[in-house]
2 protein chains.
Amino acid sequence: MSTLILIVEDEEDILELMEFNLGREGFETMGFLNTKRVIEVLEEEKVDLILMDRNLPGTEGSEFVASLRRSGINTPVIFISAKDKDEHIEEGFERGGDDYLTKPFSMKELVLRVKAILRRTQKTSTEGNVTYRDITLNLASRTVIIENSLIELTKLEFDLLYALMGNQNIVLDREYLLEHVWGGDEMYQDRTVNVAINRLKEKIDPDKSKEYIKTVRGVGYTLC
Amino acid sequence: MSTLILIVEDEEDILELMEFNLGREGFETMGFLNTKRVIEVLEEEKVDLILMDRNLPGTEGSEFVASLRRSGINTPVIFISAKDKDEHIEEGFERGGDDYLTKPFSMKELVLRVKAILRRTQKTSTEGNVTYRDITLNLASRTVIIENSLIELTKLEFDLLYALMGNQNIVLDREYLLEHVWGGDEMYQDRTVNVAINRLKEKIDPDKSKEYIKTVRGVGYTLC
DNA sequence: TACTACTATCACCGTTTGATTACAATAGTT
DNA sequence: AACTATTGTAATCAAACGGTGATAGTAGTA
């Protein structure tokens, strides 16, 4: 899943330069010399960030963004402009810009500001997932997806699976699991882990064909 | 619920100037001349934004922020510095900064960048609508529309629903909800949340056919 | 094969947790 | 003041969860 950046900039050489530099950083870009077809694109494609020149012939870039906002499009925007007076900065921000670059700017700063904005806005979408083979855990939603279908786990089962998945290829002994999954000060028997593992196995692999969790006799359990 | 900005700046007159200008815009500020007591404050108070001078005597501001990030504190940061070379900008961003201001800067630009970051991070603080399935919240008018008809919610119910809708697919535990919805310093019981959720459910889905809010046993609640 | 040590599995049942209702306290309104 | 709306807390109930003991199973070893 790559990141798509839409650029509106009427100076063709600058546009190319921006596309080149962002492309080199692994971003996908779509460049436009004016705002004509931009709305259609925004409706069709999942655009992650817009770089918008404010000094466009015809429409003002900030006016265009303001109209996007009115129609409910909240894609983040970085304005680009030669104007560097406070009043213009203000106007740009007020109309829904997330950042501001004034020409001339270095390509390095462009890339850095782009990354900073994306870091802020993309959060949570990809972070917080753990994967092992065809199992995916999402920590935030506490969901478990196996082979594209949702599996229901109890809190203990989820925590247990998370402990195992966060330590792939490492054998976790019962003492460790009781400490980290069960936690607290209560004393439990080692056997408790066996039963919990068993219940977990039953849920994530009912027909026992996958063998996700391997028992290491005399030690503990592991995903490997 | 006001916005709290924490400022670390060793030049006392500049610090005062910043506090004055941000205060005038309705922000609460806490100023520090060094990083000594900052961590304690971050742990106690809900800080919305940090303004961090990089040229501090002793610790580098960016190094300090890097250590915050390592300990899991993700409060947004704007770096302030006299250094304006690319390499330093880069270092600031890489270490978890969200924006960068170089001295000398105008108070107007400071305020604008602060607002821009807050807009981005606090999401839809007052602007815009939030939707989930056939529920639409309007933050400005604090109204709730479900299936095209208006639903009356109390303040608490609205705030609770907003918290859930602003964190779709994320399980919110009771502690989080008490902190963010109830706020304040009072101590409430976890059970308080149950009852509030129950009342909210009754209003948004009287015949219990929609199942908007899912209970995650042992953890909390989520919209999913 | 026989023995041993460890593990899987099952069923039971106490504990925990959440839903729901009722009540009390408080604040806001008329 | 009387009334109403709001919301925290207590009480009750039902259900889910999970720890434990008993028993069966299995791998390792001689």
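Below, chain A is the first sequence line, B the second, and so on; all start at residue 1.
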Practice task
Could you tell me the separation between the CG atom of A/Asp190 and the P atom of C/dC6, rounded to a whole number of Å?
Solution key: 11 Å
Practice task
Before accepting this row, confirm whether a basic side-chain N of the pair B/Glu179/B/Lys46 lies closer than 4.0 Å to the acidic partner's carboxylate O.
Solution key: no
Completion exercise
DNA chain D nearest-nucleotide lookup for B/Leu156 and A/Tyr188: closer to the 5′ end is B/Leu156
Practice task
Using a strict cut-off of less than 4.0 Å between a Lys/Arg side-chain nitrogen and an Asp/Glu carboxylate oxygen, indicate whether A/Arg142 and B/Asp173 qualify as a salt bridge.
Solution key: no
Completion exercise
note: B/Leu200, atom CG; C/dT20, atom C1'; distance rounded to Å ~ 15 Å
Problem - A/Thr215 vs C/dA8: side-chain N/O to OP1/OP2 distance below 4.0 Å - result: yes
Completion exercise
Against the side chain of B/Lys201, the closest entry in C/dA8, C/dT20, C/dA19 is C/dA19
Handout entry: Short N-O contact, B/Glu157 and B/Lys203, less than 4.0 angstrom
Key = yes
Fill in the blank from the handout: Ranking B/Arg217 and A/Arg199 by the position along DNA chain C of their nearest nucleotide, the one closer to 5' is A/Arg199
Exercise for the section: Output yes when at least one side-chain N/O atom of B/Tyr221 is less than 4.0 Å from OP1 or OP2 of C/dA19, else no. Expected result: yes
Practice task
Heavy atoms of chain B, cut-off under 4.0 Å: which first and last nucleotide of DNA chain D, 5' to 3', fall inside that, if you could look?
Solution key: D/dT6 to D/dC17
Practice task
In whole angstrom, give the distance that lies between atom CG of A/Asn194 and atom C1' of C/dC6.
Solution key: 9 Å
Exercise for the section: Specify the residue among A/Arg191 and B/Ala196 whose closest nucleotide of DNA chain D lies further upstream toward the 5′ end. Expected result: B/Ala196
Handout entry: Short N-O contact, B/Arg54 and B/Glu63, less than 4.0 angstrom
Key = no
Exercise for the section: Answer with base, sugar-phosphate or nothing: what part of the nucleic acid does A/Gln189 contact at a heavy-atom distance below 4.0 Å? Expected result: sugar-phosphate
Problem - Whole angstrom value for the distance that separates C1' of C/dG18 from CG of B/Asp173 - result: 15 Å
Exercise for the section: Answer with yes or no whether the side chains of B/Asp134 and B/Tyr212 bring together a donor and an acceptor at under 3.5 Å. Expected result: yes
Handout entry: Neighbour count above 12 (heavy atom, 6.0 Å) for B/Glu211 CD
Key = no
Problem - Student check: side-chain heavy atoms of A/Val171 and A/Tyr221 closer than 4.5 Å - result: no
Practice task
State whether B/Asn198 places a side-chain N or O below 4.0 Å from either non-bridging phosphate oxygen (OP1 or OP2) of C/dT20.
Solution key: yes
